[in-house]
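Written below as structure tokens is the structure these notes are about.
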Amino acid sequence: MASYLRIEPDHGSIEVGHINYSPLLQNSIEGTETMFLMMKNAFETLGNRRYEWKCNNLNSASKKAAIRLGFKFEGVFR
């Protein structure tokens, strides 16, 4: 499961979240393809310019997945 969150058409940004992949989908070609298709839809169909991924700073698995998918670390919310 993965969802679009905080959709802001005026700013051209969208966030992906509530990502919960089964162990069979984690670190798999299919899991990567799923995120690619969500990104493609967000940019090409919905017209966004920014695609955001936020996670708890202690969630190392989520941070590792985000980096593997090309996201860049921008800071920690307090």
Tell me, do R50 and E52 make a side-chain contact under 4.5 Å, heavy atoms counted? yes
Given side chains that start at C-beta, do those of Y21 and L24 come closer than 4.5 Å, heavy atoms only? no
How many angstroms lie between NE2 in H18 and CG in L5, if you round to the nearest 0.5 Å? 5.0 Å
So, do I67 and K72 sit near enough that their side-chain heavy atoms are less than 4.5 Å apart? no
Geometric class of the Y4/Y51 ring pair [parallel <30°, tilted 30-60°, perpendicular >60°]: perpendicular
Is the number of heavy atoms from other residues, nucleotides or ligands under 6.0 Å of L37 CG greater than 12? yes
So do the side chains of H11 and N48 get within less than 4.5 Å of each other, counting heavy atoms only? no
Ignoring hydrogens and angles, state whether a donor on the side chain of K63 or N56 is under 3.5 Å from an acceptor on the partner side chain. no
Which pair of heavy atoms, one from L25 and one from G31, lies closest together, and at what distance? CD1-N, 3.5 Å
Taking the side chain as C-beta and beyond, is there a heavy-atom pair between I7 and E15 under 4.5 Å? no
Side-chain donor or acceptor of S13 paired with backbone N/O of P9 under 3.5 Å: no
Do L69 and W53 come within less than 4.5 Å of each other through their side chains, counting heavy atoms only? yes
In the structure I gave you, are the side-chain heavy atoms of V16 and M38 within less than 4.5 Å of one another anywhere? yes
How long is the gap from CD on Q26 to CD1 on I19, to the nearest 0.5 Å? 11.5 Å
Within this structure, what is the CZ-CE distance for the pair R68 and M35, rounded to the nearest 0.5 Å? 9.5 Å
